[in-house]
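In what follows, a single structure is set out as structure tokens and then discussed.
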Amino acid sequence: MAENAGYEIAVVSRPEGTKGWVTLPRRWVVEGTFAWLKRCRRLTVDREKSTCSSQAMIQLAMIRLMLRRLHPTNDEPPFRSGHSEND
């Protein structure tokens, strides 16, 4: 990935000796993004015929999310991830 796309992959694993649920750094950001995408009904089931169509729907969902953040309305409650800003 680093050579071809310019991205670096970092594997986040659980701290040794922990049991139960543990907040892992930056992992909740990815999970939150998936939760935001799942708010669009069309993305809840994979019905697209091509990957280009799927990519377009994901881009539209993220555009919708950003527009709602830039100009919020009072018809839906604000999103709360359940995590503090320090995570």
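Heads up: numbering here begins at 1 and tracks the sequence.
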With sequence neighbours left out, what residues match Ser53 under side chain to side chain donor-acceptor pair (under 3.5 Å)? Glu48
Measuring from Ile58:CD1 to Thr33:OG1, what's the distance to the nearest 0.5 Å? 11.5 Å
Each residue besides Leu67 in its hydrophobic cluster should be listed here, by chain and number; the cluster joins Ile, Leu, Val, Met, Phe, Trp and Tyr at side-chain heavy-atom distances under 4.5 Å. Ile63
Thr18 meets the side-chain contact (heavy atoms from CB on, under 4.5 Å) criterion, sequence neighbours left out, with Arg14, Pro15, Val22
Qualifying residues under side-chain contact (heavy atoms from CB on, under 4.5 Å), relative to Leu60, sequence neighbours excluded: Met57
Co-members of Met66 in a cluster of I, L, V, M, F, W and Y side chains, linked at under 4.5 Å: none
